[in-house]
Peer 1: 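The structure's right below; bear with me while I get my questions together.
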Number of protein chains: 2
Amino acid sequence: MKEHTVTARSNDSARDIPEATVARLPVYLRALVALAEQQISTCSSEELAAAAGVNSAKLRKDLSYLGSYGTRGVGYDVDYLRYQIAREIGVTQDWPVVIVGIGNLGHALANFSGFRSRGFRVVGLLDADPDMKDQTVAGLQVRPFDDLPEIATENGVAIGVIAVPAVAAQDVADALVAAGITSILNFAPTVLSVPERVDVRKVDLSIELQILAYHEQRKAVQTL
Amino acid sequence: MKEHTVTARSNDSARDIPEATVARLPVYLRALVALAEQQISTCSSEELAAAAGVNSAKLRKDLSYLGSYGTRGVGYDVDYLRYQIAREIGVTQDWPVVIVGIGNLGHALANFSGFRSRGFRVVGLLDADPDMKDQTVAGLQVRPFDDLPEIATENGVAIGVIAVPAVAAQDVADALVAAGITSILNFAPTVLSVPERVDVRKVDLSIELQILAYHEQRKAVQTL
DNA sequence: AGGAGTTTGTGAACGGGAGAACAAAACGAG
DNA sequence: CTCGTTTTGTTCTCCCGTTCACAAACTCCT
Ligand SMILES: NC(=O)c1ccc[n+]([C@@H]2O[C@H](COP(=O)([O-])OP(=O)(O)OC[C@H]3O[C@@H](n4cnc5c(N)ncnc54)[C@H](O)[C@@H]3O)[C@@H](O)[C@H]2O)c1
Ligand SMILES: NC(=O)c1ccc[n+]([C@@H]2O[C@H](COP(=O)([O-])OP(=O)(O)OC[C@H]3O[C@@H](n4cnc5c(N)ncnc54)[C@H](O)[C@@H]3O)[C@@H](O)[C@H]2O)c1
């Protein structure tokens, strides 16, 4: 295989990748990791698309936003493409993360191994409940919520996870923002209001289930 | 206020609501429940949109797919609209749900109160690990995975939640489909392959974090 | 009853993403 | 070196979703 040449786009860091593409890059990355584990060193857009569960034309278009990392007539080098996507997403180094609210969900998240293996490192577990103090979860001591600013600045934390009850979520978000955090993953079923510069993504179990219920209901109606 | 008249659309159950709208209806529903709890009986599209974190024009267009449930010059009746959305989504009665994989995450899900209050009822907790049998989680006994067909048919279960490790997810999905389940919520980081008629939605923590990381990285680059 | 003020429902313009289709590029065989 | 085969990168078209903007509908006040 020919030496990979760095094409024009790869140094130009200001180009913007469509949001829909950004959301799929992690899926491609995961599929590439799986292929690498199977000792597969090259793959076509067709194969990778199948592994990622998308259309191959869409995959190629998505990858073309990053640059020209394939070889016509051959396909993509698994390791090389994997590195390029990881670099583009920004997970070549680990991001420090804090989790707030170590209840049912917070426990599960703290124990989640996928964090570590996918570019993230949990550096703080915080809870307002004084009884939680001194408890150790997943090898990390639970700290009082007031320690947030200290932990955040010490570790240069940019990403925070909210796993507290809905009523407390906005307060926690405000505190996270005050502590300099600029990206929030919110598990509480609330609309958070944050400054413009802060990104919020939500994961909402009830919403997902209700969407399924809607389609389920339609199926039922249609088969009558 | 004038009596609500049932408009042309409300009986026509075959019209299709855009997917993007379906995904927002649960958000509106939640906002309406919150308003009702504050004893607010009427609200404008502007107010409801603010509570739901969307543009008011978008809200109105979304609601217009359900029918004409507002009153010009006045706004929407909170209870009435709430019922109409719940009916449209299909959460006026509870949907039975099974959870497969009672590990870290499965425990948290089983204990999640939001299930019950939002139109869903957990009727089965399943795990392949024999040591889990006889354990009671959230007032429900954990059953062996082989009991799935029995539990599913007994309760008329249509929705299943997968919370097992990625390697087992496809097998579990196959079993769920074989047991007659037609909607799956998948927490495992895998692309599931299922028959056409089965709906799958995925919740993927790592992907969400990686999307945040991408934007975080861009912020860092831009402020250099 | 009529006019002023308010708010919904929707037509129309616009922007972004999905997918088909193909030209350009690489490779191997002869 | 040339031709045929393979597969990428990209163009073009279509569709879905967002947003604007406004007429229609309703309330309230005089
Ligand atoms: N359990 C689930 O499977 C699940 C699923 C989806 C969403 N959620 C949502 O995630 C959130 C947490 O759920 P849970 O089941 O873990 O609840 P939980 O009650 O078990 O845990 C909440 C934790 O947050 C802590 N807390 C409360 N207020 C706080 C504050 N101001 N600052 C810091 N910590 C605070 C509490 O001490 C507690 O430990 C809820 O909003 C819930 O709706 C949970
Ligand atoms: N823990 C989290 O916060 C978290 C977050 C996001 C995603 N996930 C994903 O959710 C899944 C579960 O995570 P976890 O932390 O709860 O893992 P876990 O290992 O704690 O639990 C998995 C459970 O599934 C059971 N199981 C395994 N194979 C099975 C099978 N074939 N049939 C039935 N049950 C089976 C195991 O006995 C175990 O109890 C994983 O795919 C993980 O990647 C977890």
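The basis for the numbers below is simple: all heavy atoms, side chains too, and nothing from hydrogens, waters or symmetry mates. Here the structure is a predicted model, which means the values were calculated and not measured. In what follows, chains carry the letters A, B, and so on, assigned in the order in which the sequence lines appear, proteins first and then strands, with residues in each chain numbered from 1.
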Peer 1: Could you tell me if the side chain of A/L192 sits less than 4.5 Å from the side chain of A/V198, heavy atoms only?
Peer 2: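 A side-chain contact is absent here, since even the closest heavy-atom pair is not under 4.5 Å.
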Peer 1: I'd like a table of atom pairs between the protein and nucleotides 13-17 of chain C - only N or O on both sides, under 3.5 Å - with the distance next to each one.
Peer 2:
none

Peer 1: List the residues meeting side-chain contact (heavy atoms from CB on, under 4.5 Å) with A/P165, not counting sequence neighbours, and say none if there are none.
Peer 2: A/V167
Peer 1: OP1 or OP2 of C/dA20 less than 4.0 angstrom from a side-chain nitrogen or oxygen of A/N55, does that happen here?
Peer 2: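 Result: yes.
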Peer 1: Checking B/S41 now: which residues fulfil side-chain contact (heavy atoms from CB on, under 4.5 Å) with it, not counting sequence neighbours?
Peer 2: none
Peer 1: Whole angstroms only, please: what is the CG-P distance between B/L59 and D/dT19?
Peer 2: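 Taking CG of B/L59 and P of D/dT19, I get 12 Å after rounding.
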Peer 1: Tell me, please, which residues at least two apart from B/R118 pass salt bridge (Lys or Arg N to Asp or Glu O under 4.0 Å).
Peer 2: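 Residues passing salt bridge (Lys or Arg N to Asp or Glu O under 4.0 Å) with B/R118: none at all.
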Peer 1: In whole angstrom, give the distance that lies between atom OH of A/Y80 and atom P of D/dT8.
Peer 2: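 So the two atoms are 16 Å apart, to the nearest Å.
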Peer 1: So which pairs with a foot in residues 17-35 of chain A pass salt bridge (charged side-chain N to carboxylate O under 4.0 Å, His left out), sequence neighbours left out?
Peer 2: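 Listed by first then second residue: A/R24-A/D62, A/R30-B/D204.
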Peer 1: Taking only N/O atoms, report every protein-nucleotides 4-8 of chain C pair under 3.5 Å with atom names and distance.
Peer 2:
| unit_1 | atom_1 | unit_2 | atom_2 | d |
| --- | --- | --- | --- | --- |
| C/dT7 | O4' | B/G73 | N | 3.1 |
| C/dT7 | O2 | B/G73 | N | 3.3 |
| C/dT8 | OP1 | B/S45 | N | 2.5 |
| C/dT8 | OP2 | B/S45 | OG | 2.5 |
| C/dT8 | O2 | B/R72 | NH1 | 3.4 |

Peer 1: Taking side-chain contact (heavy atoms from CB on, under 4.5 Å) as the test, write out the residues that go with B/N104, two or more places apart.
Peer 2: A/A108, A/N111
Peer 1: Atom CG of B/D62 and atom P of D/dC16: how far apart are they, to the nearest Å?
Peer 2: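 Distance check: B/D62 CG to D/dC16 P gives 16 Å.
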Peer 1: Whole angstrom is fine here: how far is it from CG in B/L63 over to C1' in D/dT19?
Peer 2: 16 Å
Peer 1: Any pair with a residue in residues 101-116 of chain B that passes salt bridge (charged side-chain N to carboxylate O under 4.0 Å, His left out), sequence neighbours left out, goes on the list, sorted by first then second residue, please.
Peer 2: B/D94-B/R116
Peer 1: Name all pairs fulfilling the salt bridge (charged side-chain N to carboxylate O under 4.0 Å, His left out) condition that reach into residues 172-201 of chain B, sequence neighbours left out, sorted by first residue then second.
Peer 2: A/E208-B/R201, A/K219-B/D199
